[in-house]
Student: 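Submitted below is the structure of interest, expressed as structure tokens.
Scope of the values below: all heavy atoms of this structure, side chains included, with no hydrogens, waters or symmetry mates. Residue numbering restarts at 1 for every chain, and letters A, B, ... go by the order of the sequence lines.
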Amino acid sequence: MASEKSWSRNPMGLQLHRILSVFFSLSIVLPLSSPSPTMHNNNWAVLVCTSRFWFNYRHMANTLSLYRTVKRLGIPDERIILMLADDMACNARNNYPAQVFNNENHQLNLYGDNVEVDYRGYQVTVENFLRVLTGRHEASVPRSKRLLSDEGSHILLYMTGHGGNEFLKFQDTEELQSHDLADAVKQMKEKNRFKELLIMVDTCQAATLFSQLQSPGVVAIGSSMKGENSYSHHLDPDVGVSVVDRFTFYTLAFFERLDMYSNASLNSLFTSYDPTLLMSTAYYRMDLYERPLNTVPVTNFFGSVMKTIPTDSAYPGFLVARASEYTTTSAETETARAVLEDEADHSKTHTQSEKGLQHILDEWLKLLEGKFGEKDPDMLVAYGLGSMVLLAISTWLSS
Amino acid sequence: MADDTSAAAGTSTDSGAGTESNLRTTKPGTKRLFLTVSVLISFLLGAPFLLKSTEIHRSPLPSASISSLSDHLQSNPPSFPCHFQVIFLSPFKQPDSSFSLSIGEKISAQLSKESCGNCKFTVSVTVDSGSSCRHEGDADSAACLWECGGGELVDAIAGRDDQEIDELLQSAVNERTGVCAGRVYSVFVMEGKSERVVVGKYRHAWMVVKELDDSTSVSSMIGTLFGDYFMGGGFGTGEYIPVGSDGNVVLSFSLLNSNPSDWIYDWDFQRTGEGLLGPVLEALAPVANITMESQVLYHAPKSSISFWDEKLEAYVVNTRDLPFFVNSNEWHLDTSLSASGRSKVLQFVVYVPSASECPLYIRTPEGEMSKTNAFISPMWGGVAIWNPPGCSMQSQGIHSARDVLPPQELEKIIEIFIGQLRLLFGLNSNYVKPSPKFKFLASEKGFTNWELDLLYRQHTCFNLLSSLSTLQSLSTLVESLPRMIVMDEIGKQVELSLEAANLAERNISLGINNASALSSIRARALAEDAFFHPSIMSISYSSMEHYFAIYMPFFAPVSLHVLLAAVKEVKRYYAERSKYLAFRASKVKSS
């Protein structure tokens with residue numbers, strides 16, 4: 001579990017630190033290029049469902065099940081990027097409108113509450129997916145659609161759909177190739193957009209999709225190896241299509257037993273997959289990952305950890321130091337506020353006083369200001385001169 | 001045309017066949033040759049135009065200067081010139097070189113900590129006690145030496161309180177160190193009855209010692225002051241740079257009403273908060289462009305469990321449950337409209353518990369109540385719990401429909417938030433005193449000048465290194481994709497970023513800390529803009545195969561035919577010409 005013991009200053013540690021620093025006092029030249037190892041700060045999840053059409057219901061259900069799992073274990077919506085290529089809940093062929101199930105017992109409605117889909121329908125493209133990973137968005141893309149991870153983030157990347165040897169099919173029209181994915185991960189690593197990355201792929205021949213990865217800090221698991229298919233788990237006769245895939249089904253079975261506080265390891269997750277039940281071999285690669293898998297809790301990727309440090313004290317004396325300055329500024333802001341309110345009242349009373357030349361003049365000035373307010377003064381002068389000249393000419397002509 | 005020539009020549013038209021009659025009486029026609037060859041030549045002439053018009057526009061990146069600056073920074077890391085001076089205001093024995101050397105050693109002990117932004121320091125010692133004035137040690141320039149004549153300071157200081165002494169010493173420093181006043185850190189030593197050390201809020205500290213002659217203890221205290229505090233910042237929480245890559249930070253303050261059916265609290269954050277926090281944000285301007293916003297949320301329960309503690313007579317949350325306190329499903333904090341994609345948002349949350357868990361306190365592992373009832377999460381923000389008054393008396397009828405957080409309580413909470421802001425920036429919220437004799441003065445800016453200097457140094461160094469590594473990766477990326485379009489905007493951003501980085505480096509060596517910090521922010525923002533430019537998508541560059549695939553269907557069949565025709569015509573022409581020449585030769589022979 002990543003919960004930390006309370007951070008407290010122990011004097012022993014201070015002494016030790018000083019002794020060590022005196023010991024190393026003669027070494028002056030220091031290498032600045034190598035950064036100290038970063039701490040794990042937060043968790044992100046990118047969940048991608050790449051297939052559309054009603055008969056690919058199970059891919060949507062896979063992704064939504066995993067979404068529900070990571071939310072239950074603590075990752076907030078603002079740190080989840082959910083990409084669903086089609087809408088099953090409101091599909092015309094859905095017998096249970098606005099409900100998506102991953103089991104024929106219909107116990108769990110995955111679309112029930114609080115589902116925030118970031119990329120929907122035709123927005124799920126290879127380009128958008130790679131933009132999410134590498135962070136190269138147009139300036140207008142809102143924060144909720146960006147992967148705002150930093151160098152202390154652990155990212156869970158889950159992809160499901162139809163795939164094949166070294167590719168994953170998007171929307172029935174495009175493909176994401178394994179070298180594209182490897183390239184994107186390489187760019188992410190160069191820019192330190194993640195500390196560790198867990199890739200889970202649930203497609204046919206899934207293990208080929210991450211075969212070209214080279215960046216350190218990545219662990220990946222696929223539902224089947226090259227030449228194998230991944231199968232769906234069961235058919236729901238009510239809904240009419242298969243509702244979940246085997247790999248995801250057993251993953252969810254593993255996580256249903258856990259909660260936020262548990263510390264089951266990644267190794268136990270990876271070894272829980274039984275090839276006879278899956279009807280394929282769940283292959284994982286950990287050659288790029290430094291930590292041994294039995295020391296990594298699954299909540300490092302699937303749950304949310306917040307490193308917290310209790311605050312020992314406020315900044316003492318701040319208020320005293322601010323006291324004299326504060327009273328003067330508050331007085332200023334008060335008068336500023338008073339002015340604002342005055343103007344509001346002023347405009348109100350103004351409309352009520354109809355009579356008088358003053359009123360007409362004010363209206364005329366306001367009209368002029370409205371018309372000419374935006375233009376710069378030079379243009380205004382030019383207009384004035386031009387109209388004067390015109391007036392002179394017309395009077396001369398008419399005389 | 002073919003008929004003409006063949007009719008005129010009277011030979012067979014298939015030139016490829018064996019030329020039995022290899023004589024012709026007229027010169028072979030050149031019209032066909034001219035036609036085909038001119039078409040071929042026009043194709044060949046047009047090829048450069050085609051290549052030019054379909055070439056990938058790549059704005060040239062100054063990769064050489066990037067790598068040279070990067071190497072330069074790696075080999076000579078940016079070191080900031082700091083000058084430390086010790087001024088003895090009471091008579092002291094002749095300070096020998098060992099004194100300043102021992103101080104220097106103590107400071108360089110702090111240097112071995114691997115952090116960015118260390119000082120290249122010089123130490124000088126001055127004894128300025130009215131009658132005599134002696135200097136020792138070195139200074140980077142003679143202008144930075146303390147001018148003599150401060151002997152009457154001791155009398156002026158006597159009997160004043162610490163804030164006034166601080167101001168007096170500051171004016172003395174401004175007078176006597178002249179142009180280096182902003183770069184010099186001073187410690188004033190005087191003799192007195194009660195030993196104390198006070199660190200002011202500018203760039204100086206003063207010590208009162210009983211025995212001036214005990215030079216080892218004096219030098220070690222001075223070394224602690226310079227090394228651990230003025231240069232090192234006093235053992236903060238770590239090196240955090242909570243600044244977005246475009247140099248913006250948004251401080252988002254939220255008041256969370258856990259259960260509005262119990263009570264609803266509102267606050268006047270705009271007036272109080274902006275008044276108190278304005279100077280802090282101004283002081284931090286060279287580090288980041290900080291903006292503030294605030295909101296009030298309802299129905300925002302926490303997600304960890306609290307339980308009743310008999311001894312403290314309150315509901316408590318253990319420190320080890322704090323990671324689960326923030327209920328991200330119900331706390332919709334990240335709703336900032338002003339934060340653009342690359343800014344950093346720091347959340348500061350005031351949590352008002354519901355009646356069923358009021359009063360709520362954080363319990364430390366030692367079993368005590370937390371003094372501030374608050375905690376932070378690095379790079380995220382901080383949470384403070386505020387218990388409404390009167391909830392311990394279980395009287396629930398006294399709350400009106402909507403209460404306002406009293407301004408005094410809000411001020412106290414803001415004090416906690418400033419402490420948390422300091423923690424988030426890597427400093428201590430309060431000072432870790434090496435001994436009870438130490439006292440630290442607080443500044444109305446939230447950070448003292450010497451702490452701000454430290455922040456500027458750290459951030460400048462980090463920004464410089466980060467922007468250069470970004471530029472380096474950008475140039476390797478661009479070079480590895482030779483057919484990727486590099487837009488002009490990217491080239492311009494890279495140039496401006498390099499310019500700002502060079503400017504920052506020059507300002508560092510001159511010792512102008514806030515200008516260098518500003519330029520370094522600009523350098524990093526521009527480098528990140530260039531690297532994350534949306535047009536650099538590797539799947540949209542046109543590879544060589546792509547290029548061929550587009551243009552081959554247009555030109556390959558046509559050019560094949562043109563080439564073949566031209567070759568055929570040229571061969572035919574030369575064959576006919578040789579026949580004609582042979583005829584001419586035979587005519588000459590026969591005549």
Student: Supply the atom-to-atom distance Tyr315(A) OH to Leu427(B) CG, rounded to the nearest 0.5 angstrom.
Tutor: 9.5 Å
Student: Does a side-chain heavy-atom distance below 4.5 Å link Phe531(B) with Arg136(A)?
Tutor: yes
Student: Measuring heavy-atom distances to chain B, does Glu78(A) have an atom under 4.5 Å in its side chain, in its backbone, in both, or in neither?
Tutor: side chain
Student: So which residue, Gln420(B), Lys371(B), Lys412(B), Arg342(B), ends up with the most heavy-atom pairs under 4.5 Å with chain A?
Tutor: Gln420(B)
Student: From Ser480(B) OG over to Lys186(A) NZ, what is the distance, rounded to the nearest 0.5 angstrom?
Tutor: 6.0 Å
Student: Is chain A contacted by the side chain of Phe325(B), its backbone, both, or neither, given a heavy-atom distance below 4.5 Å?
Tutor: neither
Student: Just how far is it from atom CG of Leu481(B) to atom CG of Asp183(A), taken to the nearest 0.5 Å?
Tutor: 7.0 Å
Student: Distance from Asp312(A) atom CG to Phe375(B) atom CZ, nearest 0.5 Å?
Tutor: 14.0 Å
Student: Please identify, among Lys145(A), Lys191(A), Glu190(A), the residue contributing the most non-hydrogen atom pairs under 4.5 Å to chain B.
Tutor: Lys191(A)
Student: Please find the pair of heavy atoms, one from Thr311(A) and one from Thr372(B), that lie closest to each other, and give the distance.
Tutor: O-OG1, 2.6 Å
Student: Please check this pair: side chain of Ser377(B) against backbone of Lys307(A), looking for a donor-acceptor N/O pair closer than 3.5 Å.
Tutor: yes
Student: Heavy-atom cut-off 4.5 Å, strictly under: side chain, backbone, both or neither for Leu322(B) against chain A?
Tutor: both
Student: What residue, out of Glu528(B), His332(B), His533(B), Glu415(B), has the most heavy-atom pairs lying under 4.5 Å from chain A?
Tutor: Glu415(B)
Student: Among Val383(B), Thr476(B), Thr470(B), Leu333(B), which residue forms the greatest number of heavy-atom pairs with chain A at distances under 4.5 Å?
Tutor: Thr470(B)
Student: Mark yes when over 12 heavy atoms from residues, nucleotides or ligands other than Lys189(A) sit less than 6.0 Å from its NZ; otherwise mark no.
Tutor: yes
Student: Can you tell which part of Asp321(B) gets under 4.5 Å to a heavy atom of chain A, answering side chain, backbone, both or neither?
Tutor: side chain
Student: Select one option (side chain, backbone, both, neither) describing which atoms of Ile413(B) are under 4.5 Å from chain A's heavy atoms.
Tutor: neither
Student: Please identify, among Pro378(B), Ser370(B), Gly419(B), Ser303(B), the residue contributing the most non-hydrogen atom pairs under 4.5 Å to chain A.
Tutor: Pro378(B)
Student: Measure the OG-CG distance between Ser466(B) and Asn192(A) for me, rounded to the nearest 0.5 Å.
Tutor: 9.0 Å
Student: Where do Arg131(A) and Pro534(B) come nearest, in terms of heavy atoms and distance?
Tutor: NH1-O, 2.7 Å
Student: Does any backbone or side-chain atom of Asp150(A) lie under 4.5 Å from a heavy atom of chain B? Answer side chain, backbone, both or neither.
Tutor: side chain
Student: Go through Asn318(B), Asn327(B), Leu421(B), Val345(B) and name the one with the most non-hydrogen pairs under 4.5 angstrom from chain A.
Tutor: Val345(B)
